[in-house]
Amino acid sequence: MNYWLVKSEPFKYSWEQFVKDGKTFWDGVRNYQARNNLRDMKKGDRALFYHSNEGLCVIGIAEIAKEAYPDPTIDDDRWVVVDLKPVKALKQPVTLAEMKQQPGLENMGLIRQGRLSVSALTKEEYELVLKMGGTKP
DNA sequence: GCCAACGTTGGC
DNA sequence: GCCAACGTTGGC
């Protein structure tokens, strides 16, 4: 099982909307590194759902429901999407500021390379963030 | 709204 | 294939 972190601007697609939809395909990735991460996702992997721009916090957990397939929204086979479904919200959102202060998270993709919209997490990082959010895996 | 970080593009 | 210019992202 692998662990990931995906970012979304709440204006564009919020956690609330995600929960309401029950499932979504993760499109709009136009960055090769992020794309490669998407391709590495396996069904059943877990991903933290992060709100950028507003909130600046990890707000919930998603699960990969379907592995990467060509982006249906554009005619360009360079880009792929994955299907995600919500698992649960964190009891307590974990903010970027908290994660920056947290020993053990200094190598997180989100902190080292803030602009990357899809990044990989280690199991330790993933579990630490959940713990900070008062949530059991 | 500003600015830093980073990726991409295009001229040579 | 290098590198400067430019565009985009996202935190502050």
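First the proteins, then the strands, lettered A, B, ... as listed; each starts at 1. Model, not experiment: these values are computed from the prediction.
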Partner residues of A:Phe49 under the ring pair (Phe, Tyr, Trp, His ring centres under 6.0 Å) criterion, sequence neighbours left out: A:Trp15, A:Phe18, A:Trp26, A:His51
Separation of A:Glu54 atom CD from C:dG11 atom P, in whole Å? 12 Å
Suppose we screen for side chain to side chain contact (heavy atoms under 4.5 Å, CB included). Which residues come up paired with A:Glu67, at least two apart in sequence or across chains? A:Lys42, A:Lys43
Sort and list the pairs that fulfil ring pair (Phe, Tyr, Trp, His ring centres under 6.0 Å) and have at least one residue in residues 106-132 of chain A, not counting sequence neighbours. A:Tyr3-A:Tyr126
Can you run down the ring pair (Phe, Tyr, Trp, His ring centres under 6.0 Å) pairs that involve residues 90-122 of chain A, sequence neighbours left out, and say none if there aren't any? none
When every nucleotide of nucleotides 5-10 of chain C is labelled 5' to 3' by its protein contacts under 4.0 Å (heavy atoms), B for base, S for sugar-phosphate only, - for none, what sequence of letters results? ---BBS
Checking A:Asp27 now: which residues fulfil side chain to side chain contact (heavy atoms under 4.5 Å, CB included) with it, not counting sequence neighbours? A:Phe25, A:Asp71, A:Thr73, A:Val81
